Amino acid sequence: MSAKKILIVEDDPHISKLVKYNFEKEGFDCHVLESGEEVLRVLDRYSIDLIILDIMLPKMNGFEVCKELRQHPKYAGLPIIMLTARGEEVDRIVGLEIGADDYIVKPFSPRELLLRTKAVLRRGRNEEILEKDILEAGNLRIDLPRHKVMVGKKEINLTSMEFNLLVTLIQRQGRVQSREALLNDVWEMSADVTTRTVDTHIKRLRQKLGKVGSLIETVRGFGYRFADEG
């Protein structure tokens with residue numbers, strides 16, 4: 001199996017070298033950039049499996065890069081982990097709102113970044129634990145092996161996290177899922193991280209799915225449920 005390719009976008013050479021060193025020790029193939037403007041050009045030339053993206057970049061910051069990628073049909077589902085010194089909750093929410101899969105605050109442990117990266121990559125390729133190749137609910141059709149979501153004849157571009165959240169909800173259709181359970185099952189995080197992460201991704205899912213998004217019901221004070229058509 002070929003090594004997973006990681007794009008590190010970080011303007012601090014000390015941090016980029018530290019991340020690159022630790023990831024290459026684990027068998028990853030790393031490419032480093034110092035600016036956000038180069039990202040699309042590199043993605044057009046190389047096959048990248050995940051981006052580690054600093055927010056405080058010169059000229060084009062990480063938020064802008066992430067937003068541009070999420071609007072690009074070819075890269076809308078590419079996993080992105082944001083790496084930043086800005087730890088305020090509002091910044092985490094903005095990062096998740098525009099489609100980041102995870103958010104890690106500096107200073108960070110290289111080991112933690114490695115584990116979080118592996119978790120995101122696993123979530124993007126979890127076909128082996130899925131019981132059916134095709135999931136359907138009303139006008140919604142999910143092709144699991146192809147990682148493809150259709151509403152009617154329209155393809156919906158989802159991030160890997162949004163995709164796995166939707167699959168988890170629809171596989172448990174009609175059953176209420178607590179925010180804590182979703183954090184554990186989809187993000188592989190304990191409940192002490194933040195349940196706001198779930199709310200943010202649910203909001204984005206509903207927006208992207210349009211009318212079908214109304215099937216994701218809020219159970220006040222507890223969590224969410226994908227409505228049972230019956």
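In this text, all values refer to a predicted model and were calculated from it rather than measured experimentally.
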Exercise for the section: Decide salt bridge (charged side-chain N to carboxylate O under 4.0 Å, His left out) for Lys106 and Glu10; before the verdict, give the C-alpha distance in whole Å, the side-chain angles of both, and the deciding distance to 0.1 Å. Expected result: CA-CA 12 Å; Lys106 302 173 186 176; Glu10 168 64 68; 3.0 Å; yes

Practice task
For Gln177 and Arg225, test the side chains for any donor-to-acceptor distance below 3.5 angstrom and give the result as yes or no.
Solution key: no

Exercise for the section: Walk me through it: do Val39 and Val9 pass the test side chain to side chain contact (heavy atoms under 4.5 Å, CB included)? Expected result: CA-CA 8 Å; Val39 171; Val9 189; 3.8 Å; yes

Problem - Donor-acceptor contact present, side-chain Glu26 to main-chain Phe28, <3.5 Å - result: no

Practice task
With rounding to the nearest 0.5 Å, note down the distance linking CD1 in Ile98 to CD in Gln71.
Solution key: 9.5 Å

Practice task
Verify the cluster assignment for Ile80 and Val105: are they in a single hydrophobic cluster under the rule of side-chain heavy atoms below 4.5 Å apart?
Solution key: yes

Practice task
Decide, yes or no, whether a salt bridge links Arg175 with Asp228 under the criterion of side-chain N to carboxylate O below 4.0 Å.
Solution key: no

Handout entry: Criterion salt bridge (charged side-chain N to carboxylate O under 4.0 Å, His left out) against Glu162, the qualifying member of Arg70, Lys203, Lys208
Key = Lys208

Problem - Any side-chain heavy-atom pair of Val219 and Tyr224 under 4.5 Å - result: no

Fill in the blank from the handout: Heavy atoms of Ala100 and Met82 approach each other most closely as CB-CG, 3.9 Å

Problem - salt bridge (Lys or Arg N to Asp or Glu O under 4.0 Å) against Asp143, all qualifying residues, sequence neighbours excluded - result: Arg146

Handout entry: Derivation of the side chain to side chain contact (heavy atoms under 4.5 Å, CB included) call for Leu166 and Ile142
Key = CA-CA 9 Å; Leu166 178 60; Ile142 305 174; 3.8 Å; yes

Practice task
Mind listing the closest non-hydrogen atom pair of Asp49 and Lys4 along with its distance?
Solution key: OD2-CA, 3.4 Å

Handout entry: Atom CD of Glu34 with >12 non-hydrogen neighbours under 6.0 angstrom
Key = no

Problem - Atom pair CG (Leu18) and CG (Leu113), whose distance is rounded to the nearest 0.5 Å - result: 9.0 Å

Practice task
Decide whether Tyr75 and Asp44 meet the rule of one side-chain donor and one side-chain acceptor closer than 3.5 Å.
Solution key: yes

Problem - Rounded distance [0.5 Å steps], CZ in Phe23 versus CG in Leu50 - result: 7.5 Å

Practice task
Determine yes or no for a side-chain-to-main-chain donor-acceptor pair under 3.5 angstrom, with His72 supplying the side chain and Glu68 the backbone.
Solution key: no

Practice task
Check whether any side-chain heavy atom of Ile202 sits under 4.5 Å from a side-chain heavy atom of Ile216, and report yes or no.
Solution key: yes

Practice task
Taking all heavy atoms of Asp101 and all of Pro79, pick out the closest pair and write down the distance.
Solution key: OD2-CA, 3.1 Å

Practice task
Would you kindly say whether Thr168 and Asp185 are connected by a side-chain donor-acceptor distance under 3.5 Å?
Solution key: no

Exercise for the section: Mind listing the closest non-hydrogen atom pair of Gln173 and Ala227 along with its distance? Expected result: NE2-O, 2.9 Å

Problem - Exercise: identify the closest heavy-atom pair between Asn139 and Val212 - result: CB-CG2, 4.2 Å

Practice task
Under the side chain to side chain contact (heavy atoms under 4.5 Å, CB included) rule, what do Gln171 and Leu135 come out as? Steps first, then yes or no, please.
Solution key: CA-CA 8 Å; Gln171 285 184 322; Leu135 298 176; 3.8 Å; yes

Problem - CG on Leu53 to CG on Leu69, rounded to 0.5 Å - result: 7.5 Å

Exercise for the section: Measure across Gly36 and Leu57 and return the closest heavy-atom pair with its distance rounded to 0.1 Å. Expected result: N-CD1, 3.9 Å

Practice task
Determine whether the side chains of Thr218 and Arg206 contain a donor N or O and an acceptor N or O closer than 3.5 Å.
Solution key: yes

